[in-house]
Asker: 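Handing you this structure, nothing more for now.
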Amino acid sequence: MPTMNMVQALNQALREEMRRDPRVIVLGEDVGYRGGVFLVTEKLIDEFGELRVIDTPLTEGGIVGIAVGMAMYGLRPVAEIQFIDFVYEAFDQIVSNVAKIRYRSGGQFSVPLVIRSPCCGGVRGGMHHSQSPESYFIHTAGLITIMPSTPYDAKGLLKASIRVDDPVIFLEPKSIYRTIREEVPEEDYIVPIGKARLVKEGSDVTIVTYGAMVYKSIEASKLAAEKHGWDVEIIDLRTLMPFDREAVLKSIEKTGRLVIVHEAPKTLGLGAEISAYVAENAIELLRGPVVRVAGYDTPFPLVHEKLYMPNVARIYMAIKKVMEY
Amino acid sequence: MPTMNMVQALNQALREEMRRDPRVIVLGEDVGYRGGVFLVTEKLIDEFGELRVIDTPLTEGGIVGIAVGMAMYGLRPVAEIQFIDFVYEAFDQIVSNVAKIRYRSGGQFSVPLVIRSPCCGGVRGGMHHSQSPESYFIHTAGLITIMPSTPYDAKGLLKASIRVDDPVIFLEPKSIYRTIREEVPEEDYIVPIGKARLVKEGSDVTIVTYGAMVYKSIEASKLAAEKHGWDVEIIDLRTLMPFDREAVLKSIEKTGRLVIVHEAPKTLGLGAEISAYVAENAIELLRGPVVRVAGYDTPFPLVHEKLYMPNVARIYMAIKKVMEY
Amino acid sequence: MNLISQALAKDLNLDKALGIFRVLDDQGVPDESLEPKLSKDFLLKIYEYMVRTRILDEWLLKLQRMGKVAIHAPNKGQEATMIGAALALREQDWMFPSYRELGALLVRGMSEEEIIDRAMANADDPLKGSDFAIYGSRDKKIVPAPVPVGNQIPHAVGFALAAKIMGDNIVVLTFFGDGATSRGDFHFGLNFAGLFKPPVVFVIQNNQWAISLPVRKQTAAPTLAVKGVAYGVPSIRVDGNDVLAVYSIAKEAVDKASSGEGPTLIESLTYRLGPHTTADDPRRYRSDEEVKRYEAKDPIPRFRRYLMYRGVLNEDLDREIWGRWRDYIETVVRRCLSKPELPEEVIFEDVYSEMPWNLREQLEEFRESLRVMKSLGLRVE
Amino acid sequence: MNLISQALAKDLNLDKALGIFRVLDDQGVPDESLEPKLSKDFLLKIYEYMVRTRILDEWLLKLQRMGKVAIHAPNKGQEATMIGAALALREQDWMFPSYRELGALLVRGMSEEEIIDRAMANADDPLKGSDFAIYGSRDKKIVPAPVPVGNQIPHAVGFALAAKIMGDNIVVLTFFGDGATSRGDFHFGLNFAGLFKPPVVFVIQNNQWAISLPVRKQTAAPTLAVKGVAYGVPSIRVDGNDVLAVYSIAKEAVDKASSGEGPTLIESLTYRLGPHTTADDPRRYRSDEEVKRYEAKDPIPRFRRYLMYRGVLNEDLDREIWGRWRDYIETVVRRCLSKPELPEEVIFEDVYSEMPWNLREQLEEFRESLRVMKSLGLRVE
Ligand SMILES: Cc1ncc(C[n+]2csc(CCOP(=O)(O)OP(=O)(O)O)c2C)c(N)n1
Ligand SMILES: Cc1ncc(C[n+]2csc(CCOP(=O)(O)OP(=O)(O)O)c2C)c(N)n1
Ligand SMILES: [Mg+2]
Ligand SMILES: [Mg+2]
């Protein structure tokens, strides 16, 4: 099996899906001859031509609005937003149409659209190339929101997203686009939507996380083991909504302690929902506070981003807080 | 003191602020000669003219984008979004600029802009005239989000919002625009931002709520008292972000039980943040689960809206659940 | 420079975007050089659509006043535009209307009954009660309109572009109001249309008002049609109260689109005789005289005069047509009124292709809440 | 009909939007009938701005390669547009640039040092490290650009409209790229400008590419200037590599705006000779020959030829100018490089006018995390 990074895995997923199904098309800014600014769509235009790999004008609202019409027709468009920080022009289309057309039409129409986009920080991108805006999508009924953390998952989840009949917001943590390599099958496979991945078993405390924060959490868990012998369990959600409540509950049943880690700003980040879900449905399992390690409630800064983002020290502090409660 | 409904109180707040400060201007769709579709801006154009009461073309993105420039210049624009369900075209301007210009300019520029808009359900408005999208704003650092529940508060909070140097999203629950009347001073006063209102003291369970749900909560508390003798405390947040954490914590210290009620969809509604905040900082105070009564995770339906929204039965069920835990 | 720019200017064909195409004068007398050659039956069919639309519109107003319909956006005065344009479509073509095109729905084959069921959101509502003032039917190739003004414009373009990509010969027609031209969606949709040349026809129902805002306060452009220039989309302005003019121009546009020659923007000049919606009070922003002036231009009497001028219609036949449709629609209304409500759980359907666990949990809470309401005797206020 | 539409068409003044205004030919020889009468000093000042911009641009590229600057968007080739336009502004006027107008910043009085501090986000960064590739200064009446393309367009309009409401005589000029014309913000800003006629000047830096997308794939309109027609905004196309042409037209537009005659849209035809940003690889989408072809049209040699033709400049003076600025800017760079970082807590500043409790709590967590990192010897990776 070849090893690949996430960009290659995503490129392969797109290529395979486009070969499999003529209804799959790609559109976005610079996705054609440029191959996307991160090269996720590299060379697709050579194989599939300008009708199926569409370089669009610079308008996210237009990209999504047009893609909605295509999806209603029966195509399976994969729309790239060059950086998720630029998706907001399309927010009306996403909230009012992508998420609601099935409901509004009493099930007569659906929008099998994937909006994929690089997200999150860690590459010195400043406030408009580093955001983690998943909360906006998670809160919007009608959308599925996904963020892979490995090349294998990226390929399998993107394929699943293209095939599902519902709209998917597919967020790609750009800081690990090329830093993680692993074996990725060259054949067809799917990673199911809605299922978390158990990254590391443990018995003392559960970390629920996703995206690049999986790796920070692993590091912090090592530090906790080293310093205190604490055994941390790590869950990578993969699908953010609907998130895998069973995986979360099962783990807390065992550990009784919960830390949630994400890059998105803390207030109403996904951590809030997971914490509230547990407090509502399984508070008896908790042995202490549910601690969230998240981006601070500020715009994402250009300077000191590694201090702004959840880092090993902050995750370690959270583990310590729940363990020593 | 005259009695007024919320529409009249808001109209008076605008009129007084416009008289007080020539920099205060109003803009939006149909705010001029039409006086706004709910008449909140009625007759302002007669007193202040077309330069200060601006009928704009039909573009929420334009309204907010233009208002940002005005606010940067030093005006105090109050932009009306005809229904908050239509704000999404302006989402890029709100998230990328309204919320970030102060930060982006290192404090050199600010955006003292109020975006006010009728929100929420209960008037048979269907999916695009009933939404409660406050989570999108609460999650966006740089914004203040407010929702009054009484005419008195509406006037005092709108005045405070116009005067604060930060951008405010001011949400007006349209179902109680004309149903609640109370005494409202005709002179100048302010209701401070960030302070909750204790609607009803109680000792058994705390309900944290806001907007029209205050009234449903009162009814449910009566039912709970009647049926079980339970004494419910009710807190009206008024400012949703930054919410009054002290009021919340103080109440739970007493009751040890928490129910949160809002119309917005449950997943990542403000209830999630309040629950998570307590679970993170004061879990020892809790005697049972934190229960959220919220809109369901669907688009807002035209039919059966009174069943979709939190209603007395649902709030009562939640009280019962935490009391009988 | 001047030669180039003159050549370019000629290409832009501004005459059409700045003038007004009309076939009938205000009295219904045709300009014979422009008059389309239509059969008597077809002309009467057009007229019947206009009659049906007017009657249906009145009924929806009435039903709204009775509390049976949440809101209604009156069509009165705009029948020629919607019917003329919709008639230009072929069986295989698709329509993306706004909330003010009852007549176009009828032309595409939706029945009065379907429309009223929808407006009432009763048990037979094909859109299952999701929103008000929107209509559609996959069967009839009508996509239900989004309430946010203009949202459907890029959809229509994307839909048409998808058909082009798949090699299917369809044309997509979308209606929207003058107000919608200010929205981002208009800018996006027209831009993509100019670039990718999908088979799409845009019809601006310029009824001169966006609620209280007259067109001259919406844009400083001399016409709305001229906006096509900004996108390289050929544009034309037509008298929207002249059903033959609208039909002729729309047909040309549909033919052009179906033969691969790309999009057309049609500005159809008409007038909204009624209030914006049943929730509006137009006296606050426009004068009764203005309305009177436009009542004299009502497209139905105007077309009736034409039909009489051509000997297609006489007083008796006219009375018969109105009477027949009035009776018929009244029967339909009665039937619709007798239908039950949509079941309560419908509000949980069609959010996703399969119900996720959070909605399943919430559906349980919902069922429980209905039981509690029943047992405590609580009513939905 | 034809008479009306011809009259309207004449009003639209399409000649200017479709042609190209230029003063200098490619060899720098002026059309004397159009040549502005400028003093020798002023001409040399223009040239020095161009030289400074070019040198500064090269330094920012270098600093980016050294890892001292996060990203840089090269200005090379576009100096005439930014400098010509900015020079048209008066002391009291305001500028809303995009991320590619170093020269305009210099014209408005920002120093190389301020610009480099900003680019490096060091301790003296006036914008406190909030984002990359943006520049501004309230003192110099320059509003820092938003990175989302086009966002500043409605801001400039609103700002100018506010001044008009307050009765202040200022003009606002905003720059944006060809790519920005596809965005909703362009549509909104131009529409409001046409309607409310604030004193605003729009300058489209049409450098022919939006990253990899050539202008012909951005719009089917024959020019970008012609888009003004859709908004009733008078528009003109100018040779953007001809600094005298840009200056003349911008000056006319500023004069017009300041005397209450409203907005102007200027399409300035130029070319981006470098990559889109330091993160770009333009070979993937455009040929070296194309770049070569445009290198021959570089606005700096062209203006230099004009200056020599007019006897304002000679080889010696030219060498002196370049040498002086090279030395000066190198000194500045060295000084900037020696400055410390911004303090860590700066990331919590300027979110609100006062820090709310949630940020105060988070600032505590932040301080604690720094202590923990120190005590455990953890480094920021
Ligand atoms: C995005 C959005 N903003 C505001 C509204 C409220 N609204 C409904 S119709 C309307 C005016 C529409 O005018 P126009 O497009 O001319 O259509 P008409 O109603 O005249 O047919 C407005 C402002 C809306 N539905 N959508
Ligand atoms: C809304 C938005 N989408 C995408 C981007 C990424 N991006 C940065 S610059 C650019 C192209 C801009 O082209 P143009 O407006 O012509 O300006 P130029 O870079 O040529 O000066 C793109 C797509 C962005 N900054 N903002
Ligand atoms: Mg209209
Ligand atoms: Mg460009």
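Order of the sequence lines fixes the chain letters, A, B, ..., with proteins taken first and strands second; residue numbering starts at 1 for each chain.
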Asker: Regarding A/Y136 and B/S135, is there a side-chain donor-to-acceptor distance under 3.5 Å anywhere?
Answerer: no
Asker: Taking every heavy-atom pair that is under 4.5 Å apart, which of B/G288, B/G271, B/G61 has the most such pairs with chain A?
Answerer: B/G288
Asker: Considering the options A/E273, A/H139, A/E280, which one meets the side chain to side chain donor-acceptor pair (under 3.5 Å) requirement together with B/K266?
Answerer: A/E280
Asker: Take a 6.0 Å sphere around NZ of B/K321 and say whether it holds more than 12 heavy atoms from other residues, nucleotides or ligands.
Answerer: yes
Asker: Please indicate whether B/K254 has more than 12 foreign heavy atoms, meaning atoms of other residues, nucleotides or ligands, lying under 6.0 Å from its NZ.
Answerer: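 Counting neighbours around NZ of B/K254, more than 12 heavy atoms of other residues, nucleotides or ligands fall under 6.0 Å, so yes.
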Asker: A/Y325 versus chain B, heavy atoms under 4.5 Å apart: side chain, backbone, both or neither?
Answerer: side chain
Asker: Checking heavy atoms, do the side chain of A/L286, its backbone, both or neither come under 4.5 Å from chain B?
Answerer: side chain
Asker: I need the residue from B/E60, B/Q93, B/K100, B/E89 with the largest number of non-hydrogen atom pairs under 4.5 Å to chain A.
Answerer: B/K100
Asker: Among B/I283, B/L270, B/L268, who wins on heavy-atom pairs under 4.5 Å with chain A?
Answerer: B/L268
Asker: Checking A/V95 against chain B: side chain, backbone, both or neither under 4.5 Å from a heavy atom?
Answerer: side chain
Asker: Measure the spacing between CG of B/D85 and CG of A/D92 and express it to the nearest 0.5 Å.
Answerer: 10.5 Å
Asker: For the residue pair B/P299 and A/A141, what are the closest heavy atoms and their distance?
Answerer: N-CB, 4.3 Å
Asker: What do the steps show when you test B/Y88 against A/Y88 for ring pair (Phe, Tyr, Trp, His ring centres under 6.0 Å), and what is the final call?
Answerer: CA-CA 8 Å; B/Y88 306 118; A/Y88 307 117; over 10 Å; no
Asker: Work out which heavy atom in B/Y103 is nearest to a heavy atom in A/M127; give both atom names and the distance.
Answerer: CD2-CE, 3.6 Å
Asker: Could you tell me which of A/G269, A/G142, A/A264, A/A99 has the largest number of non-hydrogen atom pairs under 4.5 Å with chain B?
Answerer: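 That would be A/G269.
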Asker: Where do B/R292 and A/A276 come nearest, in terms of heavy atoms and distance?
Answerer: CZ-CB, 3.7 Å
Asker: Out of curiosity, B/T140 OG1 to A/Q131 CD, how far, rounded to the nearest 0.5 Å?
Answerer: 9.0 Å
